[in-house]
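Before any comments, here is the structure.
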Amino acid sequence: MPVRELTYAEALREALREEMLRDDRVFLMGEDIGVIGGVFKVTQGLYEEFGQERVRDTPISETAIVGAAIGAAIAGMKPVAEIMYMDFLMCAGDQVINHLPKIRYMSGGKLKVPAVIRTQYGLYRYAAAQHSQFYPAFLMNIPGMYVEVPSTPYDAKGLLKSAIRDENPDIFIECAALYRVRGPVPDEDYVIPLGQADVKREGRDVTVFALSYMVHVALSAAQKLGNEGISTEVIDPRTLNPFDKKTLVESVKKTGRLVIIEPDHKTAGVGAEVAAIVAEEAYDYLKAPIVRLAADDIPPPFAPKAYNAFLPNEEKLISSIKKLIKHSK
Amino acid sequence: MPVRELTYAEALREALREEMLRDDRVFLMGEDIGVIGGVFKVTQGLYEEFGQERVRDTPISETAIVGAAIGAAIAGMKPVAEIMYMDFLMCAGDQVINHLPKIRYMSGGKLKVPAVIRTQYGLYRYAAAQHSQFYPAFLMNIPGMYVEVPSTPYDAKGLLKSAIRDENPDIFIECAALYRVRGPVPDEDYVIPLGQADVKREGRDVTVFALSYMVHVALSAAQKLGNEGISTEVIDPRTLNPFDKKTLVESVKKTGRLVIIEPDHKTAGVGAEVAAIVAEEAYDYLKAPIVRLAADDIPPPFAPKAYNAFLPNEEKLISSIKKLIKHSK
Amino acid sequence: MTYDLDGLSKELLLDMYYKMMLIRRFEEKVVEMYRAGEIPGIAHGYIGEEGVAVGVCSALRRDDYILSTHRGHGHSLAKGIDPKHLMAELYGKKTGVCKGIGGSMHSTEPEVGVIFSSAIVGGNIPIAVGVALAFKMRREDRVVVSFFGDGATNTGAFHEALNLASVWKLPIVFVCENNFYAISMHVSKSTSAKEIVDRAVSYNMPGVVVDGNDVIAVYNAAAAAVNRARKGEGPTLIEARTYRWLDHGMYYLGKYRPEDEVVMWKQKCPIRTLRDRLLIKGIATEVELNSLDEKVVHEVDEAIRFARESAEPDLDFVKQFVYVR
Amino acid sequence: MTYDLDGLSKELLLDMYYKMMLIRRFEEKVVEMYRAGEIPGIAHGYIGEEGVAVGVCSALRRDDYILSTHRGHGHSLAKGIDPKHLMAELYGKKTGVCKGIGGSMHSTEPEVGVIFSSAIVGGNIPIAVGVALAFKMRREDRVVVSFFGDGATNTGAFHEALNLASVWKLPIVFVCENNFYAISMHVSKSTSAKEIVDRAVSYNMPGVVVDGNDVIAVYNAAAAAVNRARKGEGPTLIEARTYRWLDHGMYYLGKYRPEDEVVMWKQKCPIRTLRDRLLIKGIATEVELNSLDEKVVHEVDEAIRFARESAEPDLDFVKQFVYVR
Ligand SMILES: Cc1ncc(C[n+]2csc(CCOP(=O)(O)OP(=O)(O)O)c2C)c(N)n1
Ligand SMILES: Cc1ncc(C[n+]2csc(CCOP(=O)(O)OP(=O)(O)O)c2C)c(N)n1
Ligand SMILES: [Mg+2]
Ligand SMILES: [Mg+2]
């Protein structure tokens, strides 16, 4: 029997639905998630199935949305709040950094904050500088909350279910450019443990650390490089906190080469931390400098040609890997 | 004639005063900066000298403070707004990331945003998790604004004057633990160009990249190591954006060893970017793994003993450097 | 003058008619070209709400500034941005008002008083306050208008900004375009105040409700508020009630409005209303108005041609505009 | 009952007296020990404002929750936190309510209904709304109180939270402790509403002003609001006017209040006021009240002893509490 295929959005919807059925403390809140099922349709049908109490449309009040999710969580509920675009997450900046990740700790462990904040970043939507941002490194820098960055339908469902069941706060970052991407998702219930990177492809010559959408770019590049005799390992961290150092370091120890490809800004992005870990922990194994391919250090431009060039892509990845392999020979 | 000594707070105050005298577009706004001269007394006396129009006490409205600074700036003024603690900067998160650094760009260069947002982080104040944060890496990750992190009275004055005169937006991050530290400040007018790291001490054996307060820790450690025959170079970046890669990379090429000491969280902190740059650009010169000493990846605790241990310190720095020099022999 | 309507000159009235029609035809073309795949990204139409932008901007001087929103084409055109440059911006071209870097939601043209448009709901309001502060500190008699929707009145930014504008008595007019929905969310479900205008009490400033589909009523309300602001008497909150005929943006997001509500509002078309009044009162003839209609069609076609023919910026080009150097 | 004052039982009245006195003596000791260098960090005293915390918390059940602020010692003690555990927290000891991790500004003791205290001005308000949402969704008849100052009413968080609580009709009471200053900023300069309580209009909820130095008036106002919330009728905004006798925190920040204003308010001491009424009405005797006074002194001394003798947490200890694992 062939495995069922779902889109990333469908996989997320299933995760939400199953967890709502499984645990009546789980409820959803956010802008336009109810009556119209979300502007990206992730929550479609859930309002009809679960009603307005458990699928709550909110005013445009990001601080109140995140704050209320925190409050409901410390009072024993399991809220899943949606912030429509990651750009707007900082409209709730105080709640996101000063409260969500700190309340358990500041209470000396008396409270738990099992809230999930779902958001998405809008790659390739040409929506300009205030609707195209992705800044996961910041959330990684602030201890106390988990951060998920699923790249496939399978991971999206399994990680979202884990995030909901887990009792820590999570920022769950989806990618709008992936919502319609299909992939296998088993029928039966499963979860993916938080903090386990996934080796999306094994290889010997070079490790590509690929973040979120860039996993697909890396896999496609790896395929092509394979035809030219270069064996590429592709690592998808899946969660940034907890961060699976082990899988990364072991891979680099094996291949001796690391290329990072990420859709966030290069400077002080996730790739900086990845490079730093490797420079600290696998320094003796490196055969060549680490390479980071990332979005340019400029705000996302609107004009499509400039925007596309602003992001890293398959071509740049392939040529970097080839150059790297030459350098170390 | 001996050079005059001022405290860091006095140096900042002089910078504000001189720029206000020099350019009547410069004005100050923030919570409690007027009548009482600021909770850290940086603006003391300025309300009396310049009056309530140019030294504006505000309500507790961080979003309005940063937003109004932006608005005044695009309309031709030169506002210097104070956010009392860096923790509260994210109460204005939307203005700080979606507006301040993007408006010039999104306007196709028609607008300028010559606003300075001054803030401080409260090292060693035992003020717990919501009053002790320092997250400069995030501001470095968002392109479009400059970020200053002065460590001495001299730098504080020179950088603040540059930040005010410069026509780009700035986040100017002071350190409360430095306000009473004294240092030489010349009588005559001077500015420090943005984007120039300062080699605070020259050395041959190891480069210490020290951030903000940690410059003092590094200098003291370097002194002691010198007595043991280890020659330490101490680099103070002074500004994180623009970032002076050149001084860093050249120093590491010379010494072959890098230790980073920073008072922000280790994971995805400034040190990650520094390590990544070196791993990319000075890889062939490194004689040993890069070492990062930073605040632990937990929210700042209140209890003083735990808090002190949470931060990197001189002892840890000295022992790291000794270990590093051994490793590479 | 015999040609006045509510004391307004024929020139002003025809200009308002012309501007509303320009917005209408411009937006129709945007929808068409968006569907045709010529306009990338996201965009939000202003059809049905023309009375608000035009009524308010007609009460402003050229050197007064407005700040706009994600739904900003109407504001830009009403304040005088050349439709060619606006359309080129939507196309992402170098000749656009923001050189193709900003797109639909980020118009800036200080020459005509469009200082900034934010795509963050509520985001422009604190910035508008700062612009007004600059005017006041320099003792200029210029006025700022901040436009925003009903949904924006639930953001923290709205609250902090209106409070600050009031305590500092700044020359600003807050114009809430209440089109009853924030995407799918009806104002009655999102906004706890009985009426949005009641929120003025919270800031001790005058609050005025106006029929946003009656451009003359909007003009009069705005003129009074602008006058107050110009005289140094502080801010006003205007709630202009109107309706958007199109969906929230260019995509269909599902059904959340009753059919008959949409039909009812279409009958209150602000352009037709003014046209009828101009004709009935004998202020303008069919011929005059038709010639304006034609002029507008021509201008919009010209804007499309201009946008199409302009060059697209590349990465090196856009990089120049991040910093002042 | 003959012993009632305004219909309140003697037991309740004496308990309120006792709690106010406990707060007073506790805070006096905090100042003393802070100056002596025994208490680290930053702390904010509640002296002069005892009537608000005690009046409000006396109207709550043990299983109702409060959320507090940087100025939270009074709220914690009024809701029933053991002074030993609170003092130990201020000392940064393992036996503190938050194991020494939170300090003065972050009290949590769900057992007695102190769920969370935020040091971010306005920060607790949206969270309080979420707690109330949980109660409502589970159909529990519990009520939430969010305490905050006059200064907090100018934060965006206040606005968004009160709006949401109102549209969702949640069981919550918003208690604004108007002590007329936010650090050095007088409420008249920071807050544009004529009266803070007018802001209730913006959220279509009842607004009540009460003399915060009259603990019985506070109790009655709170009881009415709590009752309303418990019956599912939605939130209320209470503005309790009071005054802090001490400086903003433990440091002297300069002069921003007129001498005679401070003197005037000290004459309106909430504790003396209640004491006088209890004596005049013959509800309690000097002897009874003096014995409560002594009990309090003893308890506070005991708290200091306990705090001093407790162990300080180290880094490994505090690390355990970041995540649930
Ligand atoms: C802070 C923020 N939250 C959410 C959004 C997404 N969004 C864009 S427009 C909109 C609705 C705005 O409603 P309203 O203010 O009434 O303006 P209208 O679209 O009706 O003109 C929303 C939720 C946004 N841009 N910014
Ligand atoms: C968001 C934020 N801004 C600024 C501060 C610094 N701060 C601490 S208390 C305070 C004044 C608070 O005034 P109010 O709300 O009236 O409470 P009070 O201190 O008078 O009890 C300020 C500005 C803060 N903690 N949080
Ligand atoms: Mg609307
Ligand atoms: Mg106060």
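Just so it is clear, the values below take in all heavy atoms, side chains as well, and ignore hydrogens, waters and symmetry mates. Chain identifiers are assigned alphabetically (A, B, ...) following the order of the sequence lines, protein sequences preceding nucleic acid strands; residue numbering begins at 1 within each chain.
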Under 4.5 Å from a heavy atom of chain B, the part of C:Ile115 involved = both

Closest-packed option against chain B by number of heavy-atom pairs under 4.5 Å, given C:Lys319, C:His159, C:Lys99 = C:Lys99

Cut-off 4.5 Å, heavy atoms of chain B, and the answer for C:Glu109 is both

Toward chain C, the part of B:Met29 with a non-hydrogen atom under 4.5 Å = side chain

For chain C, the option from B:Ile70, B:Asn98, B:Ile103, B:Asp166 that forms the most heavy-atom pairs under 4.5 Å | B:Ile103

Could you grab the distance from atom CE of C:Met137 to atom CZ of B:Arg54, nearest 0.5 Å is fine?
-> 7.0 Å

C:Glu160 to B:Ala64 - nearest heavy-atom pair and separation = OE1-N, 2.9 Å

Any side-chain donor near an acceptor of the partner, C:His106 and B:Ser107, under 3.5 Å = no

Has B:Lys41 got more than 12 heavy atoms of other residues, nucleotides or ligands less than 6.0 Å from its NZ?
-> yes

Would you mind checking which part of B:Leu111 comes under 4.5 Å of any heavy atom in chain C, side chain (CB onward), backbone (N, CA, C, O), both or neither?
-> side chain

How far apart are the C-alpha atoms of C:Phe116 and B:Met106, what are their side-chain angles, what is the distance that settles it, and do they pass the side-chain contact (heavy atoms from CB on, under 4.5 Å) test?
-> CA-CA 9 Å; C:Phe116 173 62; B:Met106 295 192 306; 3.7 Å; yes

Counting only heavy atoms not in C:Glu111, do more than 12 fall under 6.0 Å of its CD?
-> no

Smallest heavy-atom separation, C:Val324 atom then B:Tyr146 atom, equals O-OH, 4.5 Å

Write down the atom of B:Gly108, the atom of C:Ile101, and the distance for their closest heavy-atom approach.
-> CA-CD1, 4.1 Å

Drop me the distance from B:Thr63's OG1 to C:Ile125's CD1, to the nearest 0.5 angstrom.
-> 11.0 Å

Residue C:Ala128 versus chain B: region with a heavy atom under 4.5 Å | neither

Specify the closest pair of heavy atoms between B:Met77 and C:Ala134, including all atoms of both residues, with the distance to one decimal.
-> CG-CB, 3.5 Å

Side-chain contact test, heavy atoms from C-beta onward, threshold under 4.5 Å: evaluate it for B:Lys110 versus C:Pro110 and give yes or no.
-> yes

With rounding to the nearest 0.5 Å, note down the distance linking CH2 in C:Trp168 to CD in B:Glu53.
-> 9.5 Å

Which heavy atom in B:Arg104 sits nearest to a heavy atom in C:Val322, and how many Å separate them?
-> CD-O, 3.6 Å

Do other residues, nucleotides or ligands put more than 12 heavy atoms under 6.0 Å from B:Gln52 CD?
-> no

Taking all heavy atoms of B:His99 and all of C:Ser118, pick out the closest pair and write down the distance.
-> NE2-OG, 2.6 Å

Validation row, ring centre B:Tyr105 to ring centre C:Tyr323 under 6.0 Å = no

Most contacts with chain B, counted as non-hydrogen pairs under 4.5 angstrom, among C:Asn163, C:Val318, C:Val167, C:Val129 = C:Val318

Would you mind checking which part of C:Val144 comes under 4.5 Å of any heavy atom in chain B, side chain (CB onward), backbone (N, CA, C, O), both or neither?
-> neither

Apply side-chain contact (heavy atoms from CB on, under 4.5 Å) to B:Glu167 and C:Arg325, showing your working.
-> CA-CA 8 Å; B:Glu167 305 220 76; C:Arg325 260 166 190 165; over 6 Å; no

Whatever's closer than 4.5 Å to a heavy atom in chain C on B:Glu62 counts as backbone

Measure from the side-chain N and O atoms of B:Gln95 to the backbone N and O of C:Gly123, and report whether any donor-acceptor pair falls under 3.5 Å.
-> yes

Name the option with the most non-hydrogen atom pairs under 4.5 Å to chain C; the candidates are B:Pro169, B:Gly109, B:Ala73, B:Gly71.
-> B:Gly71

Per-residue contact mode, B:Asp57 against chain C (heavy atom under 4.5 angstrom) | backbone

